[in-house]
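Take a look at the structure below.
Order of the sequence lines sets the chain letters (A, B, ...), proteins ahead of strands, with each chain counted from 1. It should be emphasised that the depicted structure is a prediction, and the values quoted were computed from it without experimental measurement.
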Amino acid sequence: MTPADLAAAVLDAVRGAVEGGELRVDVPPEAVIERPKGREHGDYATNIALRLAKPAGRPPREVAEVIAVRLRQRAGVSAVEVAGPGFLNVTLDSAAQGALVESIVTAGSSYGHTTTLAGQRINLEFVSANPVGPLHVGQVRWAAVGDALARLLQANAAEVCREYYFNDAGSQIDRFGASLHALAHGRPVPEGGYKGDYVADVATAVVREHPEVMNLLDAEAGPVFARAGIDQMFAQVKASLARLGVQFDVFFNERDLHTSGRLTETVERLRAAGHVFEQDGAVWLRTTTFGDDKDRVIVRGDGTPTYFCADLAYYLDKRERGFDRVVIILGADHHGYVPRMRAMVRCLGEDPDQTLEIPIGQLVTVSGSKLSKRAGNLVTLDELVAAVGPDAARYAMARSSMDSTIDLNVDVWSSKTSDNPVFYVQYAHARIASLLRNAAELSIDRGEVAAADLSRLESEREGDLLRALGEFPRVVASAAELRAPHRIARYLEELAGTYHRFYDDCRILPRGDEEPTPETVPRLWLCEATRLVLANGLGLLGVSAPDRM
RNA sequence: GCGCCCGUAGCUCAGCGGAUAGAGCAGCUGCCUUCUAAGCAGUCGGUCGCAGGUUCGAGUCCUGCCGGGCGCACCA
């Protein structure tokens, strides 16, 4: 019996009590099943009686007792106890609990997937770094979290498009081009230009590939250098992302919005909606109507559109491509953008509560001896991946709540010891894989999972492991709903620990010349189920699940 | 000044209004002739920043303060 099955059973009990006239209350749409911390609170617990007490107008423990009577009659339920303020503590019989293993093994790589987001089309934008420099550690966080979130949403049946907004227009690009041009001619970088070794490298590469640019007049050289330099950077960005194993479905060029007339269309649409006014030669959007601190310029006095204008056109483009939700992951250094963007979307006549979501992630710093000598400089994605590898880089970024700043200690994440959480989890997977190989060598035939006597899995450690495995679908669904991939990582660490304790306590394979016991096959299936969940969870984070370490 | 985020064990951090607040690391004590010791068991460690409030119940929600991070452009 899975937790979901139990939830259904609890709701049946409530429904029965209502129909039998023992309770007067609306049957709730769902029951929350928790895994209690201590074994003395049963295998599973639900607080449904506490939640129904008020609407039913009766004390929680009384409500609990009514539900308990019916739940006790359920097949597979061996005991139901009313405890504390009104919790129902449920104990399953071992056959019902062991049956979970069969569910997991049968579902295989889809175990943990749900359909809670079926039908939703989500556009998920992340990273979107300007093409004027290499990706740095901060971008690793958005890449890791964004990709994990995409996988999570897909695991809950949403249709997801991973998108990267490539800012190849605007004043930063102009300055980038001017900087490259200056460096190519051995001149100093102009005021406000881009410095750093990489800029000179890009300039050199541009000249090497397009020698004719050296003959251009100063007036026309900037844009040519910019274009060529951006191509260079774009290739670098894609290569860096590939090193991390992050793939995008769409790289969207800002330039296309300018050349396709989408910007003027957007301005006209806003003007028609009556939210536009002109002042000091510029075109403004009256975002204060919808709670913004101040109104925003969308077309400058010199006739060029601001990035707000492009962002709005981009938003509309996504909506017109059929996405119901536009999700944009941003760093905390851009959080001021959120109220503005929401107000602007309202100006378009849309409801941002329904269509727009902007998760904000806090910033990343790097410490540890391997890279700290670069303190003050930006650490790049490539340097980080070279130092700790893609698995650790992704896991390190994905295991913290987006609300927490991360100080990434390179020494910890590059170590091959238990200090390093990603090794702890991967090790559990490798340990199981090894065990299963050994079983094969001993010619132990697991047979069909349906034929295994899973009711044999009745020791305390086995029960702990079964309950942990049963929680996985709920963890996946809530992590997706809360946009919190780190919950997957934390769950995996806990599951790995639970497995190690089981492993330590329960002998699985026969030793020496002993014969297999009746526990051998059921335990092997339990191991296989655990391996599947670890692999599925690591897969959601984009981290490998090695068979050997 | 205004806004967003954070403040939980020595350190790094989990904790979807529920039961006695957890994990890893660090410290101390044990466990490998047999399935990966990259593991396990035990032990030490807390005024959940402070003060009020909401309620059957607050680390979690609200208000105010203190401390830290990040923002408040005709830059992106």
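- Comparing atom distances between the A:Arg431 side chain and each of B:A41, B:A37, B:G17 picks out B:A37 as nearest.
- Heavy atoms of A:Thr304 sit nowhere under 4.0 angstrom from any nucleic acid atom.
- In this structure, A:Arg394 does not pair ionically with A:Asp391, as no charged nitrogen and carboxylate oxygen lie closer than 4.0 Å.
- The residue A:Leu435 sits close to a base: some heavy atom pair falls under 4.0 Å.
- Taking the ring centre of A:Trp525 as origin, the terminal cationic atom of A:Arg446 falls inside the region bounded by 6.0 Å and 45° from the ring axis.
- Comparing the C1' positions of B:C56 and B:C48 gives a spacing of 22 Å, expressed to the nearest Å.
- Distances shorter than 4.0 Å separate none of the side-chain N or O atoms of A:Ser404 from OP1 or OP2 on B:G7.
- No contact: A:Asp311 has no heavy atom under 4.0 Å from any strand.
- When the C1' atom of B:A37 is taken as reference, atom CG of A:Asp504 falls 10 Å away, rounded to whole Å.
- The side chain of A:Arg501 places an N or O atom within less than 4.0 Å of a non-bridging phosphate oxygen (OP1 or OP2) of B:A41.
- Base engagement by A:Cys506 is indicated by at least one non-hydrogen atom pair under 4.0 Å involving a base atom.
- Side chain of A:Arg548, nearest nucleotide from B:A19, B:A76, B:U36: B:U36.
- Aromatic rings of A:Phe252 and A:Tyr314 (six-membered ring for Trp) have centroids within the 6.0 Å cut-off, being under it.
- Rounded to whole Å, the P atom of B:C65 lies 23 Å from the corresponding atom of B:G71.
- Taking a 6.0 Å sphere around CD of A:Glu191, one finds it holds 12 or fewer heavy atoms contributed by other residues, nucleotides or ligands.
- For residues 479-499 of chain A, proximity to RNA chain B is found at A:His486, A:Arg487, A:Arg490, defined as any non-hydrogen atom under 4.0 angstrom from a strand atom.
- Anti is the conformation of B:C72, whose glycosidic angle sits further than 90° from 0.
- Heavy atoms of A:Ala53 sit nowhere under 4.0 angstrom from any nucleic acid atom.
- Across all strands, A:Asp292 comes closer than 4.0 Å to no nucleic acid atom at all (heavy-atom distances).
- A donor-acceptor contact under 3.5 angstrom links the side-chain atoms of A:Asn89 to the base of B:A19.
- Among the atoms of the strands shown, none is found under 4.0 Å from any heavy atom of A:Arg399.
- Distances were taken from every side-chain heavy atom of A:Asn438 (C-beta onward) to each of B:C35, B:A38, B:C40; the shortest belongs to B:C35.
- Pairs engaging residues 498-510 of chain A under the side-chain hydrogen bond (donor to acceptor under 3.5 Å, both in side chains) rule: A:Arg431-A:His500 [sequence neighbours left out].
- Nearest to the side-chain atoms of A:Ser478 among the listed nucleotides B:C16, B:U36, B:U34 stands B:C16.
- Residues from residues 467-475 of chain A placing a heavy atom under 4.0 Å of any atom in RNA chain B do not occur.
- Here A:Lys54 does not reach the OP1 or OP2 of B:G57: none of its side-chain N or O atoms lies under 4.0 Å away.
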All N/O pairs under 3.5 Å across the protein-nucleotides 66-70 of chain B interface:
{"from": "B:C70", "atom 1": "O2'", "to": "A:Ala332", "atom 2": "O", "distance (Å)": "3.0"}
{"from": "B:C70", "atom 1": "O2'", "to": "A:Asp333", "atom 2": "N", "distance (Å)": "3.4"}

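- For B:C44 and B:U29, the C1' atoms lie 11 Å apart once the distance is rounded to whole Å.
- The residue A:Arg340 sits close to a base: some heavy atom pair falls under 4.0 Å.
- A close approach under 4.0 Å does not occur between any side-chain nitrogen or oxygen of A:Asn47 and OP1 or OP2 of B:A19.
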Give the dot-bracket string for RNA chain B, reading 5' to 3', where a pair is Watson-Crick or G-U wobble with both distances under 3.5 Å, ( ) marks pairs inside the strand, [ ] marks pairs crossing earlier ones, | marks a partner on another strand, and . marks unpaired. (((((((..((((....[...)))).(((((.......))))).....(((((..]....))))))))))))....

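- Here the nucleotide nearest the side chain of A:His500, chosen from B:C74, B:G39, B:U34, is B:G39.
- Under the 6.0 Å distance and 45° angle rule, A:Arg342 does not count as a cation-pi partner of A:Phe290.
- Closest contact between the side chain of A:Tyr424 and the listed nucleotides B:A19, B:C40, B:C35 involves B:C40.
- With B:U36, B:C6, B:C74 as the choices, the nucleotide that has an atom nearest any side-chain atom of A:Thr306 turns out to be B:C74.
- For RNA chain B, no neighbouring residue in residues 512-529 of chain A is found when judged by any heavy atom under 4.0 Å.
- Following rounding to the nearest Å, A:Asp505 (CG) and B:C31 (P) show an atom-to-atom distance of 18 Å.
- Comparing B:A76, B:C35, B:G18 against the side chain of A:Phe87 picks out B:G18 as the nearest.
- The side chain of A:Tyr427 lies closest to B:A37 when the candidates are B:C74, B:A37, B:C35.
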